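Below: the structure, in structure tokens.
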Amino acid sequence: MTGISPHQLPLPLRLAVGTGILSGEQEFLDFSQDDPQAADVVYWGYGLSRLSPVERQEALLKAWELTGKVLIVAEEISIPSRLRGEIGFNGEEVVPLHPDYQYYQHGELKSYLEETLETVATPAGLGVYFLWRPGKMPQLWNWRVREGESEDKQRSDWLIYLASEGVTKVRDGVVNLPEIQEQIRVLFGSWEEAEAAAVQLLERVNQPGDVPSYCLESGVGKKLPGALYVHVSALGELHPVLRCYEAIARRHIGQIEGATLVKFSIDKPKISYLFYPDFDTEAHPILRGSLQIDFPEMRISYIDYDGIDNPPVLHRKDAFVTPDYPLYQLFVNLTEQEEKLGLLKKGRDIGTRHGWERCLANFGVEIEGHDLRVNAASLAQQQHHVPQIERHKAAILRREISRPVRLALEAGLFGENHTFFDYGCGFGGDVERMQARGYESAGWDPYYHQDESLVEADVVNLGYVINVIEDLEERREALLAAWQLAKKVLIVAAMVLIDDKINGVVAYGDGVITRRNTFQKYYSQEELKSYIEGVLNVEAIPAALGIYFVFRDQRLAQIVQAAKFRTKTPLPRVFKSFEDYRELLQSLMEFACDRGRLPAPGELPEERAILSEFKTYRRAFQVITKITHPEEWEAIRQKRRRDLITYIAVSNFGRRHSLSYYSPEVRNDIKFLFPSYKKACEIAESLIFVLTDLSEIVNCCRESPVGLMMGKGFYIHISALNALAPLLRIYEGIVSRTFGRLDEATVIKFHTKSHKISYLYYPNFDISPHPALYSGMKIDLRDLRVTYYDYEPQRDPPILHSKERLVTTEYPHYEKFAKLTRQEQAWGLLDDPEAIITRKAFGKMLEANCAEIRNHCLSWRKDADPEQVKLVKAALEERLRG
């Protein structure tokens, strides 16, 4: 260790040097490299996961045996990551996970170390722990109170430390330090008074609303919708409540090496550490990663932006730091220059690298270091003509209810006595049609209904409004205004995925101006989701392409989400008469069939009547099982377990939620159908892990009793989705939860050569014997690209065969479909699938065989050449004999 700069040391040893644990006076042993000899400080870095369980325990005990004072253990840990599942993290950066190694999460590693060595493991950083021999822990080893400050500042520093660490623990640690005892007496009067002040501070931290209030009132940091952002150097200047809140997070995870900004979420108990490694050197640094800590479980998750083509970038750096920051004035000068040129008026549209680069190009600006250089000729060209947008011309006179509102109705978002408000209602068609359905409805539009009042409603629709507003700040204000009116749910719809080679449009801002002189902003599906969530700071749930539901009532959100994963099952057959109890027990049968369990107290409206007769639900259900087949109820329970595992896997993708995240109904489902929520999560997460292996998905497709393997894909009708194995349901569920499905999608295609899913629309699936593909949406999970295909203009679109293979036997038209396929197979029409892919190709096949199809029935064409019919019939007879 002698002569080595601290910057050259690995992270665990840098942390040890920084806290005074490792110094030149201490004997040091690198357990993984040196000869095993006893030492004061023993370091074992990044070796645990590579060993078998037995070898791991033996090595850890050996390292502990050689430790005189402190053992430093560091290991790469696994962290849930948004969209990428589990990732590896070594305390500083993302690392690949080796498939043969066993990785711990941060808290799991702590538990393993403590159980094995029977001592306390203190977190020093992510995946880094210090384990002291009894009586060898340095006093105040992690004390962060700064000396040389005013008495008020020292008191505040001490208070943060005492509250986050615990007064008793600190007092016991400094029992032999009279100078510390005296300092506490001077600052607080006594340890008892210090403890009272610390308890009071913790109460304020835990008081609902206090942390958000101090975020909103903070004079330090940058306030954005839903969060306060502060540079790590400015944390000491925050209010003690916020400082203590952040210190509690660090007590559980240790030092966050390399973090630049700390984000305090206002509407959620969450802290995020943001990594901008080029904060000082780049004028607009790129976000490399975000480490999120959810209270109170202290659950860790990570978003890795390093491989993202269009990562977020930072503006107004001076707002994050204090005036005494060394580069503060440099940052201020840059912001002032950009404000004078109007570069920062574009809001969120300059929040990513591509958006910022477009903005600079539009203004003819280049940045060198922290200075701007303006190309005058380019700027003059940009400012030469600003068109006058006529937004009202974008309103559409519809003859039926709009698609966003229709989807909300189908999703069950409108309950009895719910109210409806249409923000930007245009001609007011949706308002009139919802009134006709019996809902109290109103609307407002800045052109057609500007005299109407803005009123709160249970369901508010912001349908195709934000995409026609060219002013970025006004667009954001419209979204916020609509959200403020929504008591339960906001519907947001915008134009997405339109071909950029549209005739008659010119580029303008971040959208286009149409021939009618209206503005249209065309989002990608993921961009629209990010925009809504960024402005409202609430999860936007996709309902279809370009349509999102944003729930104020999270219980309603969970009910709607869970319903998508619950398979519809008919009631078990009754083989004996029980007319005396039919009316009384019908609701109990329906509940048990719907949820696979008996009701919890208060869940069934008929509870009082049933319990007064039978005392318990269990006794009542015994009557039901006597007149039905018990194996049918067991099948229902198994089906509900599979449904629930699918829902848990999809909702927990990226990070595991606590049980309280789910609605009371779902919590009861979990309680009755699984040993514990933890066990259910483990099953769900094991299935998600398998999804990374495409061969497992393909095998699951091949083994499915429902669905059709064809070419490079596996096809399934949307109605049969819940009949698939949980693995495939989870796979599709993760995609649809992130992007939504193509509206009116009929068939889902699981690609078997790559991680892609397509939603296909065959509008005449039931009517046409071989329906033509109308449109499709393909989602590539590797780069999250969404591609839309329109087959309507094609004269020779792809068609479907063997439709019965795509549906279950319970499908209403199953037998009709199957009969046609049997006929076509007998005639040899399906022998060469590649030759009959399109409508024209199959038409030629029918013509060559003198055949036609009417009402899903194959027959001889009446206008066919008689001689040709004879030849075909002879060939058919020969085929049947063979």
Side-chain angles (χ1 to χ4, degrees), residues 1 4 8-17 21-22 28-39 41-67 70-81 84-132 253-258 289 291 300-302 304 306-307 656 682 685-686 688-693 695-696:
M1 300 289 296
I4 299 178
Q8 298 174 300
L9 296 173
L11 171 65
L13 299 185
R14 291 205 305 273
L15 293 173
V17 170
I21 293 172
L22 190 60
F28 174 78
L29 169 68
D30 187 335
F31 185 75
S32 61
Q33 296 181 11
D34 301 339
D35 293 333
Q37 297 178 357
V41 179
V42 176
Y43 166 58
W44 187 16
Y46 309 105
L48 276 173
S49 62
R50 292 154 175 78
L51 302 177
S52 68
V54 174
E55 293 172 330
R56 186 183 311 128
Q57 185 176 17
E58 290 178 351
L60 187 57
L61 290 170
K62 179 63 176 176
W64 183 238
E65 181 184 336
L66 297 173
T67 301
V70 58
L71 172 64
I72 304 170
V73 177
E75 189 53 67
E76 295 167 351
I77 59 173
S78 67
I79 300 179
S81 173
R84 289 180 55 182
E86 293 290 320
I87 62 168
F89 199 81
N90 68 359
E92 296 181 278
E93 59 185 357
V94 175
V95 294
L97 288 176
H98 194 285
D100 297 331
Y101 297 161
Q102 178 184 342
Y103 294 91
Y104 294 95
Q105 292 188 1
H106 183 69
E108 292 175 336
L109 178 58
K110 174 181 173 68
S111 298
Y112 173 73
L113 294 174
E114 291 181 341
E115 290 172 4
T116 304
L117 302 182
E118 298 181 350
T119 189
V120 176
T122 305
L126 276 178
V128 182
Y129 284 93
F130 296 159
L131 298 99
W132 278 278
I253 59 178
Q255 189 70 20
I256 309 301
E257 188 78 1
L291 185 73
I300 303 171
S301 60
Y302 189 80
D304 183 14
D306 228 2
R656 183 190 289 185
E682 289 172 353
E685 288 163 0
S686 67
I688 290 178
F689 180 77
V690 175
L691 290 178
T692 58
D693 187 351
S695 64
E696 289 291 337

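Values below: all heavy atoms of this structure, side chains included; hydrogens, waters and symmetry mates excluded. Here the structure is a predicted model, which is why all the values come from computation and not from measurement.
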Requested in this report: Apply the test side-chain contact (heavy atoms from CB on, under 4.5 Å) to residues Phe28 and Leu13: give CA-CA distance (whole Å), side-chain angles for both, the deciding distance (0.1 Å), then the verdict.
Outcome: CA-CA 11 Å; Phe28 174 78; Leu13 299 185; 3.9 Å; yes

Query raised in the report: How far apart are the C-alpha atoms of Leu71 and Leu113, what are their side-chain angles, what is the distance that settles it, and do they pass the side-chain contact (heavy atoms from CB on, under 4.5 Å) test?
Result: CA-CA 11 Å; Leu71 172 64; Leu113 294 174; over 6 Å; no

Requested in this report: Starting at CD of Gln102, measure out to OH of Tyr112 and round the result to the nearest 0.5 Å.
Outcome: 8.0 Å

Query raised in the report: Measuring from Gln57:CD to Leu117:CG, what's the distance to the nearest 0.5 Å?
Result: 9.0 Å

Report task. Please report the shortest heavy-atom distance between Leu51 and Arg56, naming the atom on each side. Result -> O-NH2, 2.9 Å

Query raised in the report: Could you walk me through whether Leu126 and Ile300 pass the side-chain contact (heavy atoms from CB on, under 4.5 Å) check?
Result: CA-CA 10 Å; Leu126 276 178; Ile300 303 171; 3.8 Å; yes

Report summary line: Sequence neighbours excluded, the answer for salt bridge (Lys or Arg N to Asp or Glu O under 4.0 Å) partners of Glu65 is none

Report summary line: For Arg656, the salt bridge (Lys or Arg N to Asp or Glu O under 4.0 Å) test, sequence neighbours excluded, returns Glu685

Query raised in the report: Given the rule in the side-chain contact (heavy atoms from CB on, under 4.5 Å) test, do His106 and Ile253 qualify, once you have shown the distances and angles that lead to the verdict?
Result: CA-CA 8 Å; His106 183 69; Ile253 59 178; 4.2 Å; yes

Requested in this report: Look up atom CD in Gln255 and atom CG in Leu15, then write down how far apart they are to the nearest 0.5 Å.
Outcome: 7.0 Å

Query - Closest approach of Ala39 to Val42 (non-hydrogen atoms, all atoms of both residues) - result: O-CG2, 4.0 Å

Query - Shortest non-hydrogen contact from Ala59 toward Trp44 - result: CB-CH2, 3.4 Å

Requested in this report: Look up atom CZ in Phe31 and atom CD1 in Ile72, then write down how far apart they are to the nearest 0.5 Å.
Outcome: 14.0 Å

Query raised in the report: Does Glu75 reach the main-chain N or O of Leu48 with its side chain, forming a donor-acceptor pair under 3.5 Å?
Result: yes

Report task. Looking only at non-hydrogen atoms, find the nearest pair between Val128 and Ala74 and report the distance. Result -> CG2-CB, 4.1 Å

Query raised in the report: Can you pull the salt bridge (charged side-chain N to carboxylate O under 4.0 Å, His left out) pairs that have at least one residue in residues 104-123, sequence neighbours excluded?
Result: Lys110-Glu114

Report task. Look up atom CG in Leu61 and atom CG in Leu66, then write down how far apart they are to the nearest 0.5 Å. Result -> 11.0 Å

Query raised in the report: OG1/Thr67 to NZ/Lys62 distance, rounded to the nearest 0.5 angstrom?
Result: 11.0 Å

Report task. Locate the shortest heavy-atom distance separating Gly127 from Leu109; write the atom from each residue and the value. Result -> O-CD2, 3.9 Å

Query raised in the report: Under the ring pair (Phe, Tyr, Trp, His ring centres under 6.0 Å) test, which residues partner Tyr46, sequence neighbours left out?
Result: none

Query raised in the report: Which heavy atom of Thr692 sits nearest a heavy atom of Phe689, and at what distance?
Result: OG1-O, 2.8 Å

Query - Those residues that, when tested against Phe89, pass ring pair (Phe, Tyr, Trp, His ring centres under 6.0 Å) (two or more places apart) - result: Tyr302

**Report entry** Tyr101: side-chain contact (heavy atoms from CB on, under 4.5 Å) partners, not counting sequence neighbours
**Finding:** Ser49, Arg50, His98, Tyr103

